[in-house]
S.K.: 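Below is one structure. I have some questions about it.
Note: hydrogens, waters and symmetry copies are ignored here, and every other heavy atom, side chains too, is used. To find a chain, count down the sequence lines: A is the first, B the second, and so on, and within it residues start at 1.
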2 protein chains.
Amino acid sequence: MGVSVKINPSIREANETLQTAFRSRSFALVAGDCRVDYEGRASSTLEWGERIVVIKQDGSLLVHRPIGYEPVNWQPPKCLLKVWTEDSGSLIVNATRAQPREMVSIEFRKIMFTVTGKLDDRGDFALHVTEEQMKQAILTVPALVEEGLKPLQQEKSLGAAGFTDIYAEDREGNLVVIEIKRNPASRDALIQLQRYLESLRGKIDRPLRGIVVGPELRMNAQPLLSSLRLEYVRLAPEKCFEILKSQRDMKLSQFLVGER
Amino acid sequence: MGVSVKINPSIREANETLQTAFRSRSFALVAGDCRVDYEGRASSTLEWGERIVVIKQDGSLLVHRPIGYEPVNWQPPKCLLKVWTEDSGSLIVNATRAQPREMVSIEFRKIMFTVTGKLDDRGDFALHVTEEQMKQAILTVPALVEEGLKPLQQEKSLGAAGFTDIYAEDREGNLVVIEIKRNPASRDALIQLQRYLESLRGKIDRPLRGIVVGPELRMNAQPLLSSLRLEYVRLAPEKCFEILKSQRDMKLSQFLVGER
DNA sequence: CCTTTCAGTTAGTTA
DNA sequence: TAACTAAGTGAAAGG
């Protein structure tokens, strides 16, 4: 439970701290003047400077420079972590993984601080407004796509589409296949939908429309849209979020009628 | 220069520490029991749990759970950082950016520690053996691809290839287009090269060969290689690295030709 | 175990 | 500035 902090520890001290941390599967933060070598799919060198190294209990490692969102060097989870001192008076921290065979090696010549400890983290993480949630929003308010649109019961038997989709019927009785993209729709999205429509036309004898729904249509996809005779409807994720939110609030208020 | 560490600080203490850190553009590490909300292109929630938050002087922010290489929530550089306490006794850390409009908000109800300070990091970072560097290696030692190969002056007017490439002439006087892949070459690479060769054949009336050069050819690409009548030459990045290194260090490249 | 596809992709380069 | 492409992409899902 306890957090252990050492400020300006000696190389030997830091060595023992990290040995213990690795053995007990604690996290470790180490900052200091270091050099970093990476060998693997590519290779890199980082000359002397002060950085913060984050080492996690799962064997992942991050080397962070004072600026930039991304780590300058890293190693994913399940690495073999080793730490030792060299005669030169340096502290070496090594993280190796097989498959692909890669190694990050950090040489410290001065340690600013080490922090080790355990984290108790069982909180759920949820990412909202995924394509699945856009789908839910459209099923709730089909007019987001087109007035008079009637979503049909999902028929998985139609085949694996490979994209988040909705089957619906328009006012003229055409079958409508909707492909949902939460990111700007590229040519790929159109091609995918087109391919799917082709496979359907072979099985279903009925007028068929293909609509791509998303926040944006990439400019280079515009010509293809016309030539494939597909349609695009703009729908911002925020709008979906509002709808899901109001739907949720409605359920809540229904449930909580009279309570406030 | 100095590093400031507080263990189990009060919310008020942590608030002051972070205020000072943000004002003085220091880095800050904060660990504690927190909840995280993200609103922007998508939205996410992370329930209570102990995490490590890294805040850099450039306004970037990372929330790290005890496992996993990637941050569960983050914000890129140039964010507006704010910190304050709430009546509930929580500490709120906010990082917002415009374009896209996004916000990460962290609510701490208990702080395990804070570490703030400055990092002096001017060391050069160098990533070796990129595709560009493989290209340099091949231009230096064309025999890596084929004996007698003569690289041609790059002619950009031939068209945007979309891949790292070399134009060369073989011993028979054929025009050779070389596509370099630093990763295992997939079918995509072959298709791309093939498409490019097609476009060239329309413009150039001359025998044309296409060679993919890389560390590996994916197994599923082998049949396509034959059917498209393309060629593959294995070249390990390490070899390129050696050549670039020796070229840089000793300028002996011309003597390495026969050594392979 | 391998391949394919997606990502709050991010980041860099070029038109 | 916008579009395009690579990345030590990583991570998840499907065969």
Side-chain angles (χ1 to χ4, degrees), chain A residues 36-46 60-63 68-79 95 97 99-104 125-133 160-164 180-189 191-192 215-222 237-238 241, chain B residues 36-46 60-63 67-77 95 97 99-104 125-134 156 160-164 180-184 186-189 192 215-216 218-221 237 241:
Chain A
V36 187
D37 280 313
Y38 154 69
E39 282 284 342
R41 286 167 293 183
S43 64
S44 71
T45 53
L46 177 62
S60 51
L61 177 148
L62 308 163
V63 182
Y69 146 77
E70 292 195 327
V72 60
N73 281 111
W74 70 91
Q75 206 63 294
K78 293 172 199 161
C79 279
R97 69 160 163 164
Q99 208 60 13
R101 182 77 188 168
E102 296 196 294
M103 180 197 66
V104 167
F125 175 73
L127 182 64
H128 310 293
V129 198
T130 59
E131 285 180 1
E132 183 55 35
Q133 288 175 296
F163 52 85
T164 306
I180 299 171
K181 300 302 289 181
R182 63 172 267 103
N183 295 331
S186 61
R187 279 190 293 235
D188 277 352
I191 292 166
Q192 194 172 26
E216 191 185 326
L217 183 68
R218 284 206 193 283
M219 218 157 62
N220 70 359
Q222 183 67 59
E238 295 76 25
F241 186 65
Chain B
V36 187
D37 280 313
Y38 154 70
E39 281 285 341
R41 286 166 293 184
S43 64
S44 71
T45 53
L46 176 61
S60 51
L61 176 148
L62 308 162
V63 181
I67 60 173
Y69 147 77
E70 294 194 326
V72 60
N73 282 111
W74 70 91
Q75 206 63 294
R97 70 158 162 166
Q99 208 59 12
R101 182 75 189 170
E102 297 196 294
M103 179 197 65
V104 167
F125 176 74
L127 180 65
H128 310 293
V129 198
T130 59
E131 283 181 4
E132 183 54 36
Q133 288 176 297
M134 290 180 71
K156 303 233 169 186
F163 51 86
T164 307
I180 299 171
K181 301 302 290 182
R182 60 173 266 101
N183 295 330
S186 60
R187 280 190 293 233
D188 276 353
Q192 193 171 26
E216 191 185 325
R218 284 207 193 283
M219 219 157 61
N220 70 0
F241 184 65

S.K.: Which part of the nucleic acid, if any, lies within contact of B:E39, taking any heavy atom under 4.0 Å across all strands shown: a base, the sugar-phosphate backbone alone, or nothing?
M.R.: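 Answer is nothing: B:E39 stays at 4.0 Å or more from every strand.
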
S.K.: Between D:dA6 and C:dA7, how many Å separate the two C1' atoms, rounded to a whole number?
M.R.: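 My reading of the C1' atoms in D:dA6 and C:dA7 gives 15 Å.
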
S.K.: Using whole Å, report how far CD of B:E216 lies from P of C:dC2.
M.R.: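 Taking CD of B:E216 and P of C:dC2, I get 10 Å after rounding.
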
S.K.: Check whether any side-chain heavy atom of A:V72 lies under 4.5 Å from a side-chain heavy atom of A:V36, and answer yes or no.
M.R.: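 Of all side-chain heavy-atom pairs linking A:V36 with A:V72, none is under 4.5 Å.
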
S.K.: For B:R101 and C:dG8, what is the distance between atoms CZ and C1' respectively, to the nearest whole Å?
M.R.: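 Atom-to-atom, B:R101 to C:dG8, this comes out as 16 Å.
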
S.K.: Less than 4.5 Å apart, side chain to side chain, heavy atoms only: is that true for A:E102 and A:R41?
M.R.: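 A:E102 vs A:R41: side chains touch.
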
S.K.: Spell out, as yes or no, whether a donor-acceptor pair under 3.5 Å connects the side chain of A:Q75 to the backbone of A:L61.
M.R.: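 No: the side chain of A:Q75 does not pair with the backbone of A:L61.
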
S.K.: Using whole Å, what does the distance between atom C1' of nucleotide C:dT9 and atom CG of B:N73 come to?
M.R.: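 Rounded to whole Å, this separation is 14 Å.
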
S.K.: Would you say B:P71 and A:Y69 make side-chain contact, with heavy atoms under 4.5 Å?
M.R.: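 They are in side-chain contact.
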
S.K.: Round to the nearest Å and state the distance from B:M134 atom CE to D:dA7 atom P.
M.R.: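 One finds 11 Å between P of D:dA7 and CE of B:M134, rounded.
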
S.K.: Could you tell me the separation between the CD atom of B:Q75 and the C1' atom of C:dT9, rounded to a whole number of Å?
M.R.: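 The distance from CD of B:Q75 to C1' of C:dT9 comes to 14 Å, rounded to the nearest Å.
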
S.K.: Check nucleotides 10-14 of chain D for protein N or O atoms closer than 3.5 Å to its own N or O atoms and list the pairs.
M.R.:
{"residue": "D:dG10", "atom": "OP1", "partner": "A:R41", "partner atom": "NH2", "Å": "3.0"}
{"residue": "D:dG10", "atom": "OP1", "partner": "A:W74", "partner atom": "NE1", "Å": "3.4"}
{"residue": "D:dG10", "atom": "OP2", "partner": "A:R41", "partner atom": "NH1", "Å": "3.0"}

S.K.: Roughly, in whole Å, what's the span from NE2 in A:H128 to C1' in C:dG8?
M.R.: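 A:H128 atom NE2 is separated from C:dG8 atom C1' by 12 Å.
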
S.K.: Check the distance between C:dG12's C1' and B:F125's CZ and give it to me in whole angstrom.
M.R.: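 Answer to the nearest Å: 14 Å.
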
S.K.: Give the stems involving DNA chain C, where a stem is 3 or more consecutive Watson-Crick or G-U wobble pairs (i with j, i+1 with j-1, and so on) under 3.5 Å.
M.R.: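 So the stems come out as C:1-7 with D:9-15, C:9-15 with D:1-7.
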
S.K.: Under a 3.5 Å threshold, yes or no: a donor from one side chain and an acceptor from the other, between B:D37 and B:S44?
M.R.: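 Checked: B:D37/B:S44 side chains show no N/O donor-acceptor pair below 3.5 Å.
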
S.K.: Just the rounded figure in Å: distance from C1' of C:dC6 to CD1 of A:I180.
M.R.: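 Going from A:I180 (CD1) to C:dC6 (C1'), I get 16 Å.
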
S.K.: Assess whether side-chain contact (heavy atoms from CB on, under 4.5 Å) is satisfied between A:M103 and A:Y38, documenting all intermediate values.
M.R.: CA-CA 6 Å; A:M103 180 197 66; A:Y38 154 69; over 6 Å; no

S.K.: Base, sugar-phosphate, or nothing for B:Q99, non-hydrogen atoms under 4.0 angstrom?
M.R.: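 Counting heavy atoms under 4.0 Å across all strands, no contact is made by B:Q99.
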
S.K.: Under 6.0 Å from the CD1 atom of B:I67, do we count more than 12 heavy atoms belonging to anything else shown?
M.R.: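 Not more than 12 within 6.0 Å, no.
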
S.K.: If you define the side chain from C-beta out and look only at heavy atoms, does anything of B:S43 sit under 4.5 Å from A:V129?
M.R.: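 When only atoms from C-beta onward are counted, A:V129 and B:S43 do touch, with a gap below 4.5 Å.
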
S.K.: Check B:H128 against A:T45 and note the closest heavy-atom contact, atom names and distance.
M.R.: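 Closest approach of B:H128 to A:T45, heavy atoms only: NE2-OG1, 3.3 Å.
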
